[in-house]
Amino acid sequence: MKADNIATRIKEISDTLPCGVTLIAVSKYHPAEAIMQAYEAGQREFGESKAQDLVKKYESLPNDIKWHFIGHLQSNKIKYIAPFIHLIHSIDSYRLLQEVNRHGAKHNRKIACLLQIHIAQEETKFGFTPEECMKMLCDGEWRTLENVEIRGLMCMASNTEDNAQVAKEFSKVQKLFKNIKENFFADNENFNIMSAGMSDDYPIAIKYGSTHVRVGSSIFNG
Ligand SMILES: *Cc1c(COP(=O)(O)O)cnc(C)c1O
């Protein structure tokens, strides 16, 4: 039987997650009241994909919520979220990382970021290819950015029923993560986040090392 409300669905999903995996409730398109139902069930991490929507919700909701930015981030929108954002999942160019760094400096913060990796078959998705990501890291200039901290990788698998394809993509990112960890962050315990998996594929993502699942419709749309 399907749970009939947000609180129950949050609990059901949380109960299936191994320890060490964080549930981010993706509340984009859903009003503050829906978020409060999740909050009252104990949920504290929420993801949004539009900067202005996120700011409005941040301002009207309890301040112990950790807000995750998961959408495509335009440089001119960084200023809205820079003062308080918990984690930006969607760094897809070195230029954007530099811009986030600049805003981090203004607010005297070190903003936690993930590098988004493009692995899906769809051309429309954003992110570094694995090769571009390695090249950016090898170049080393990112080490001079004092107001951002690269905490890990984020990815979205192809939107397909073909679970073998989805598994192949997550596996590729898991290998990339290990490679990057060994080569660039071996002595940095903060490089420890792999944000992978959504409503339809998070159980597969967890098998391939996801530490943060981003679940929207299974929580908010019933
Ligand atoms: C919307 C969205 C999600 C959640 O997707 P669901 O299929 O609703 O669980 C996760 N990650 C990103 C980047 C999204 O834009």
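One-based numbering, in listed order, for ligands and for the atoms of each. Please read all numbers here as calculations on a predicted model, not as lab measurements.
- Interface of Arg214 with ligand 1, defined as ligand atoms under 4.0 Å from a residue heavy atom, comprises 4 (C), 9 (O), 10 (C), 11 (N), 12 (C), 13 (C).
- Using a 4.0 Å cut-off between heavy atoms, Lys28 contacts ligand 1 through its side chain alone, with no backbone atom that close.
- Residue Asp200 has no N or O atom closer than 3.5 Å to an N or O atom of ligand 1.
- Tested against His89, the residues Gln116, His68, Arg214 include a single side chain to side chain donor-acceptor pair (under 3.5 Å) partner, His68.
- The closest protein non-hydrogen atom to atom 13 (C) of ligand 1 is Ile70 O, 3.5 Å.
- A distance of 6.0 Å or more separates the ring centres of Phe128 and Tyr94.
- Gln165 and Glu169 are linked by a side-chain donor-acceptor pair at a separation below 3.5 angstrom, with hydrogens and angles left out of the test.
- Every atom of ligand 1 with a heavy atom of Val215 under 4.0 Å away is listed here by number and element: 9 (O).
- When only interatomic distances are considered, the shortest N/O to N/O separation between Ser49 and ligand 1 does not fall below 3.5 Å.
- For Asn159, the CG atom counts as loosely surrounded, since its 6.0 Å shell holds 12 or fewer non-hydrogen atoms of other residues, nucleotides or ligands.
- Taking all atoms of both residues into account, the shortest heavy-atom contact from Lys57 to Tyr29 is NZ-N, 4.2 Å.
- Relative ring orientation between Phe46 and Trp67 is described as tilted, the plane-to-plane angle lying within the 30° to 60° band.
- Scanning the protein heavy atoms around atom 10 (C) of ligand 1, the nearest turns out to be Met198 SD, 3.3 Å.
- Close approach of ligand 1 to Ser217 (heavy-atom distance below 4.0 Å) involves ligand atoms 6 (P), 7 (O), 8 (O), 9 (O).
- Nearest to atom 9 (O) of ligand 1 among the protein's heavy atoms is Ser199 OG, 2.5 Å.
- Side-chain contact check for Gln37 and Asn5: no donor-acceptor pair (N or O, by modelled atom type) lies under 3.5 Å.
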